[in-house]
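Chain identifiers are assigned alphabetically (A, B, ...) following the order of the sequence lines, protein sequences preceding nucleic acid strands; residue numbering begins at 1 within each chain.
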Amino acid sequence: MPELPEVESTVRYLKERVEGLSIERAVILWHRTIALNRGKSFSQQVAGATITEVFRRGKLVGMRLAGASDQFLFTHLRMSGSLDVLPSSFDVAPHDRVIIFLSNGKSIRFNDTRKFGRMYLTPSPDEVVRSLGVEPLSAEFTPELLQRLLAGRKRAIKPALLDQSLIAGLGNIYVDESLWRSGIHPLSPCSSLPEDAWRSLRRSIQEILSEAVSLLGTDFGDGVVDGGMYRPSVYGRTGERCPRCSGEISRIVVGQRGTHLCLSCQPKPRKARHRVKLTRGAKAPSQKRRKR
DNA sequence: CAAACTCCCTGTTAGC
DNA sequence: TGCTAACAGGGAGTTT
């Protein structure tokens, strides 16, 4: 699933292929993908505009569109989204949701199997980006800031790190990886972490994100959007050996999210309020099932 | 106000 | 082997 490094890769890919080109028209194949669009139809709004800049903010791909009135087009890839640039003569692919035809005979294809991805078209970027927290690879992201953001909270560290309004761009993979590298249990209440944890955690987050960015994202083999070379140490490696201590990697659930960790490198906090459910054990009955 | 829960989706997989 | 139901997950919206 695309997180900051994968989105950064997408942005770099798009930068060299679409910056400076103009949009001829757009076709919406799944209407709900367009989550924000003031005024006329999406296609009418973007037709004729020039893509002057492609950038990233958190997990969002941003495009500045210069036209009759300036617009910003943001794309959130969510779970399964990808943006590709293909010759316009190529057929529509399964799961293509939006196609943007460009002036050079190519087109941007927003492909999104699970339909969670969204596009936001707006004249004011702040409307989309306002709620996002600090960029974790920026100089602004200091140990002091991290501590100030989190230390006063009672919630577990993992859901706090996933909160995009605090830090923008971390997802399940890189949070698990960062907590492992810093030896912090994901259920540790933020307020229980020692002073030096914040320095370590900031360092782990930046190291891992930088490494993943330079390797073009995480290698899954099955992902359409990923395809990078970053190899997780614990994420998705339940039952395998911890690279640091050779202990067994466990999988638990934290805040409804699958969570991977090494229990000997990341000792359990004393008074975890949540139950720890091991995948390998007897499966707990799932108490929440929707009714419709 | 912070935190937790619900729902959106479909390909994959566990379980029988 | 074939089928079904559970599962996965980011974040907007809702509830506690």
Rounded to whole Å, please give me the gap between [atom1] in [X] and [atom2] in [N].
| X | N | atom1 | atom2 | answer |
| --- | --- | --- | --- | --- |
| A/Leu161 | B/dA3 | CG | P | 13 Å |
| A/Gln164 | C/dG13 | CD | P | 15 Å |
| A/Tyr174 | C/dG10 | OH | P | 12 Å |
| A/Leu162 | B/dA3 | CG | P | 14 Å |
| A/Lys154 | C/dT16 | NZ | P | 20 Å |
| A/Glu6 | C/dG9 | CD | P | 14 Å |
| A/Leu170 | C/dG11 | CG | C1' | 15 Å |
| A/Met1 | C/dA8 | CE | P | 12 Å |

Residue pairs involving residues 116-139 of chain A (criterion salt bridge (charged side-chain N to carboxylate O under 4.0 Å, His left out); sequence neighbours excluded):
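Matches after skipping sequence neighbours: A/Arg38-A/Glu127, A/Arg56-A/Glu135, A/Arg57-A/Glu135.
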Filter on salt bridge (charged side-chain N to carboxylate O under 4.0 Å, His left out), then keep only pairs touching residues 163-187 of chain A, sequence neighbours left out; what's left?
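Of all non-adjacent pairs touching residues 163-187 of chain A, those that pass salt bridge (charged side-chain N to carboxylate O under 4.0 Å, His left out) are A/Arg155-A/Asp163, A/Lys158-A/Asp176, A/Arg181-A/Glu207, A/Arg181-A/Glu211.
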Using only side-chain N and O atoms of [X], determine if any of them is under 4.0 Å from OP1 or OP2 of [N].
| X | N | result |
| --- | --- | --- |
| A/Lys59 | C/dG10 | no |
| A/Arg257 | B/dA4 | no |
| A/Arg155 | B/dA2 | no |
| A/Arg153 | B/dC1 | no |
| A/His76 | C/dG10 | no |
| A/Tyr235 | C/dG9 | yes |

Under 5.5 Å between ring centres and under 30° between planes: does that hold for A/Phe116 against the base of C/dG10?
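Yes; centroid distance and tilt both under limits.
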Salt-bridge contact A/Glu248-A/Arg237 (side-chain N to carboxylate O under 4.0 Å)
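No.
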Ring-face cation of A/Arg203 near A/Trp198 (centre distance under 6.0 Å, axis angle within 45°)
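Because its charged atom misses either the 6.0 Å distance or the 45° angle limit, A/Arg203 does not stack over A/Trp198.
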Would you list the pairs meeting ring-ring contact (aromatic ring centres under 6.0 Å, His included) in which at least one residue belongs to residues 121-155 of chain A, sequence neighbours left out?
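For residues 121-155 of chain A, and leaving out neighbouring residues, there are no ring-ring contact (aromatic ring centres under 6.0 Å, His included) pairs at all.
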Base C/dG11 paired with A/Arg114 side chain (donor-acceptor, <3.5 Å):
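No, no donor-acceptor pair under 3.5 Å.
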Go through the structure and list residues passing side-chain contact (heavy atoms from CB on, under 4.5 Å) with A/Arg148, not counting sequence neighbours.
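In terms of side-chain contact (heavy atoms from CB on, under 4.5 Å), with neighbours along the sequence ignored, A/Arg148 is linked to A/Leu145.
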If you assign each of A/Asn172 and A/Ser131 to its closest nucleotide in DNA chain C, which residue comes earlier from the 5' end?
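Closest to the 5' end, via its nearest nucleotide, is A/Asn172.
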Side chain of [X] only, please: which of [options] is the nearest?
| X | options | answer |
| --- | --- | --- |
| A/Arg251 | C/dG11, C/dG10, C/dA8 | C/dA8 |
| A/Met79 | C/dG10, B/dT10, B/dT6 | C/dG10 |
| A/Gln256 | C/dG10, B/dC8, B/dC5 | B/dC5 |

5' precedence on DNA chain B between A/Arg78 and A/His95 (nearest-nucleotide basis):
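Closer to the 5' end of DNA chain B: A/Arg78.
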Does the ring center of A/Tyr230 lie less than 6.0 Å from the ring center of A/Tyr235?
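Between A/Tyr230 and A/Tyr235, the centre distance exceeds or equals 6.0 Å.
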Looking for any heavy atom pair under 4.0 Å, which part of the strands does A/Arg118 touch: base, sugar-phosphate only, or nothing?
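Since no nucleic acid heavy atom lies under 4.0 Å of A/Arg118, the category is nothing.
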By the rule that ILVMFWY residues connect when side-chain heavy atoms come within less than 4.5 angstrom, directly or transitively, which residues belong alongside A/Val128?
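Grouped by the 4.5 Å side-chain rule, A/Leu36, A/Phe55, A/Leu60, A/Phe72, A/Phe74, A/Tyr120, A/Val129, A/Leu132 form the rest of the cluster around A/Val128.
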Difference in axis direction between the ends of the helix from B/dA2-C/dT16 to B/dC16-C/dG2, five pairs, 10°:
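End axes: 60° apart.
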